[in-house]
Structures are given as C-alpha cells and as structure tokens.
Colleague: 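Supplied in structure tokens, the structure appears directly below.
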Amino acid sequence: MNRILLMVLRNLGKLPGLYAKLCHHAKHADQYPEQERYDNIRHIAQLVVAKGNVELKVTGMENVPEKDGFIFYPNHQGMFDIVALLDSCPRPFGVVFKIELQNIPVLKQFIACTKSFAMDRADVRQSLTVIQNVAKEVQSGRNYVIFPEGTRSKKGNEMVEFHGGSFRAALKAKCPIVPVAFLDSFKVLDQKGSAPVVVQMHCLKPIPYEEYGQLKSVEVAELVKSRIAAVIEENLK
C-alpha cells in the first residue's frame, strides 16, 4: 500500500478536523498566536509519523538554541524531512520552499500559517527578496528551515552540492546556524510501499555567527556540509 494512503486511512477519524482547523488558521492567521497555529500542524505531523510504519530516531534536540532567531540547515532527502522536524521540534518555524509547491493542498495552508516563503530559483531578484525577508524575520526572533541543496538529492544518503546563496540569510541575520543530518528519510515518502522504516534525524551543535561571520557564503556552505557529512558517515557504519 502507498504510505501516504496508509497514513491517511489510519488517521481518518482525526485528520479531517485537523485539516479544517489548519485551513481556518491559514485564512485567519493574524487572529491566532503562532504557537497555537504551529501546535496544530505539529499534531498532524505526529499522527502521520505514528501511523505510517515509521520509527523516527532523533538525537541532539538539546542543541536547539534556547533563544529564538535561528535557522535550521538540513540535508534534503525527501518530503518527509519537514514532517520529521515538525514531529520533533516544539518551537515554531517557517520554511523556504521552492515556488512549485506553493499551491499544493496542506503545503499552501502550512505556508500561510507559518509565514513561510516560496522561492523562485529561476528569478534572481525574487530569490534575493526572499533571503532578505527571511533575514528580517529571523532578526525579529522567528526560526526558519532552509535546505541548502535546493532540492532533494535523489541519491539516498549521499548529499549533493550545498549552495552558498542559501546561507546569505544567516549571514544577513547574524544568527546561529543549526545543521541537521537526515539518514534514510527518503525511504518514507519517496519510495514505493509502506514497509516499516527507521529514519534518523541528528540535530548538531549550533554554529554561532562569531564562528562563520568572516567566511564567504560558499565557505559557510562547505563548513555546514562537512559537519553533516561526518554525522552521516558515522551513523552509516
């Protein structure tokens, strides 16, 4: 059975009400506290994980900065990555999505509820505007997720290039960078079937601005990628 279908069928009694609440929050986002909107989304993610034959092993959540105003930079293996972060992180965050996803049901509402941004990678001016907006939001105390590979790797646990431009938001905001390493996340929603699968998510120690602020964006990209790569290599042994 398709895993998405399995997740929906096993939560059939709960998901319709939660989705209706999500849509309401999306239409009236300014009327509800961010934490309330996020908690509803997180509850959906937790139900999906619990009923999807997925064992999510998480380490390092104690590394998430106590003060808001940081950016997660994970390797990107598939659609499940965001679900895993939602399941694990009690702190609200927004996401930088590729613009092709902005009108997909659920994602559309998620974007509205979390003040996420859709980036058109083919439009340099629009991309720069998104980076500037994210930096401003982070400086104001909000948290974000940016996938520096730009798209899922499609190479399993092997990463592709980390784009330096992805780190301009952190450099502008002068905020902590929190690397996140995913292993086997691609097996959940990017492969056929619904057999049990184990996914690892490792939240690494944050990199303060003082450590990377003097580097070029491409050098920051290599720094973060190397730290994630080390964790992936260690846990694949």
Colleague: Is it the case that Asp184 and Gln200 place a side-chain donor and acceptor less than 3.5 Å from each other?
Modeller: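 There is no such pair between these side chains.
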Colleague: Is the shortest distance from a Lys or Arg side-chain nitrogen in Asp68 or Arg91 to a carboxylate oxygen in the other one below 4.0 Å?
Modeller: yes
Colleague: Quick one: closest heavy-atom pair of Gly164 and Ser217, and the distance?
Modeller: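 Of all heavy-atom pairs spanning Gly164 and Ser217, the closest is O-CB, 3.2 Å.
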Colleague: Flag the pair Met159 / Lys225 as yes when at least one side-chain heavy-atom distance between them is below 4.5 Å, and no otherwise.
Modeller: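 Result yes, sub-4.5 Å side-chain heavy-atom pair found.
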Colleague: Is a side-chain donor or acceptor of Arg152 paired with a backbone partner of Met79 at a separation under 3.5 angstrom?
Modeller: no
Colleague: Check Gly165 against Ile131 and note the closest heavy-atom contact, atom names and distance.
Modeller: O-CD1, 3.9 Å
Colleague: Using a strict threshold of under 4.0 Å (side-chain N to carboxylate O), is an ion pair present between Glu34 and Arg142?
Modeller: yes
Colleague: If every non-hydrogen atom of Val58 is compared with every non-hydrogen atom of Met61, which pair is closest and at what distance?
Modeller: CG1-CG, 3.6 Å
Colleague: Measure across Val64 and Cys203 and return the closest heavy-atom pair with its distance rounded to 0.1 Å.
Modeller: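 The pair with the smallest heavy-atom distance is CG2-SG, 3.8 Å.
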Colleague: Once rounded to the nearest 0.5 Å, what's the spacing between atom CD of Glu62 and atom OG1 of Thr59?
Modeller: 7.5 Å
Colleague: Backbone N or O of Leu85 within a donor-acceptor pair of the Ser88 side chain at under 3.5 Å?
Modeller: no
Colleague: Hydrophobic cluster membership, with links at side-chain heavy-atom distances under 4.5 Å among I/L/V/M/F/W/Y: are Phe182 and Val54 in one?
Modeller: yes
Colleague: Within a reach of under 6.0 Å around CD of Gln214, are more than 12 heavy atoms found that belong to other residues, nucleotides or ligands?
Modeller: no
Colleague: Find the distance between OH (Tyr209) and NZ (Lys174) and round it off to the nearest 0.5 Å.
Modeller: 4.5 Å
Colleague: Counting only N and O atoms by type, is there a donor-acceptor contact under 3.5 Å from the side chain of Ser194 to the main-chain atoms of Arg3?
Modeller: no
Colleague: Got a donor-acceptor contact below 3.5 angstrom from the Glu219 side chain to the Lys216 backbone?
Modeller: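 A pair under 3.5 Å: yes.
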Colleague: Test Tyr73 against every option in Phe167, Tyr144, Phe147 by the ring-ring contact (aromatic ring centres under 6.0 Å, His included) rule and name the one that passes.
Modeller: Phe167
Colleague: How far apart are the closest heavy atoms of Gly78 and Asp190, and which atoms are they?
Modeller: CA-OD1, 3.3 Å
Colleague: Of all heavy-atom pairs between Gly69 and Pro176, which one has the smallest distance, and what is that distance?
Modeller: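 Heavy atoms of Gly69 and Pro176 come nearest at O-CD, 3.5 Å.
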Colleague: As a quick check of understanding, evaluate side-chain contact (heavy atoms from CB on, under 4.5 Å) for Leu15 and Ile44, giving each step before the final call.
Modeller: CA-CA 7 Å; Leu15 287 181; Ile44 294 173; 4.1 Å; yes
Colleague: Hey, is the main chain of Leu107 close enough, under 3.5 Å, to the side chain of Gln102 for a donor-acceptor pair?
Modeller: no
Colleague: Is Ser116 close to Val96 at the side-chain level, that is, under 4.5 Å between some pair of heavy atoms?
Modeller: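 Answer no - side chains too far apart.
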Colleague: Could you label the plane-to-plane angle of the His24 and His28 rings as parallel, tilted or perpendicular, counting under 30° as parallel and over 60° as perpendicular?
Modeller: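 Answer is tilted, since the angle falls between 30° and 60°.
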Colleague: Does Gln77 offer a backbone N or O that forms a donor-acceptor pair with the side chain of Ser185 under 3.5 Å?
Modeller: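 Pair absent, no side-chain N/O of Ser185 close to backbone of Gln77.
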Colleague: Can we say Arg121 and Glu149 salt-bridge, meaning some charged N sits less than 4.0 Å from an Asp/Glu carboxylate O?
Modeller: no
Colleague: When clusters are formed by joining ILVMFWY residues with side-chain heavy atoms under 4.5 Å apart, either directly or through shared neighbours, do Phe110 and Met119 land in the same one?
Modeller: no
Colleague: Main chain of Glu158, side chain of Ser153: is a donor-acceptor contact present, judged purely on distance under 3.5 Å?
Modeller: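 Looks like yes, one N/O pair under 3.5 Å.
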Colleague: Using modelled atom types only, decide if a donor and an acceptor are shared between the side chain of Asn11 and the backbone of Lys14 within a distance under 3.5 Å.
Modeller: no
Colleague: Give a yes-or-no answer on whether the side chains of Glu137 and Asn133 include a donor-acceptor pair shorter than 3.5 Å.
Modeller: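 Short answer, no.
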Colleague: Do Asn53 and Arg10 have side-chain N/O donor and acceptor atoms under 3.5 Å apart?
Modeller: yes
Colleague: So does Gln191 have more than 12 non-hydrogen atoms from other groups sitting under 6.0 Å from CD?
Modeller: yes
Colleague: So, taking the atom named SG in Cys113 and the one named CD in Glu36, what distance separates them when rounded to the nearest 0.5 Å?
Modeller: 10.5 Å
Colleague: For the CG atom of Leu86 and the CG atom of Asp81, what is their distance to the nearest 0.5 Å?
Modeller: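 Interatomic distance, Leu86 CG to Asp81 CG, rounded to 0.5 Å: 11.0 Å.
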Colleague: Would the distance check show the side chain of Tyr212 and the main-chain N or O of Val224 forming a donor-acceptor pair, the cut-off being under 3.5 Å?
Modeller: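 No, the answer is negative, given that no donor and acceptor are paired below the 3.5 Å cut-off.
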Colleague: Taking atom NE2 of His202 and atom CG of Asn75, what is their separation to the nearest 0.5 Å?
Modeller: 10.0 Å
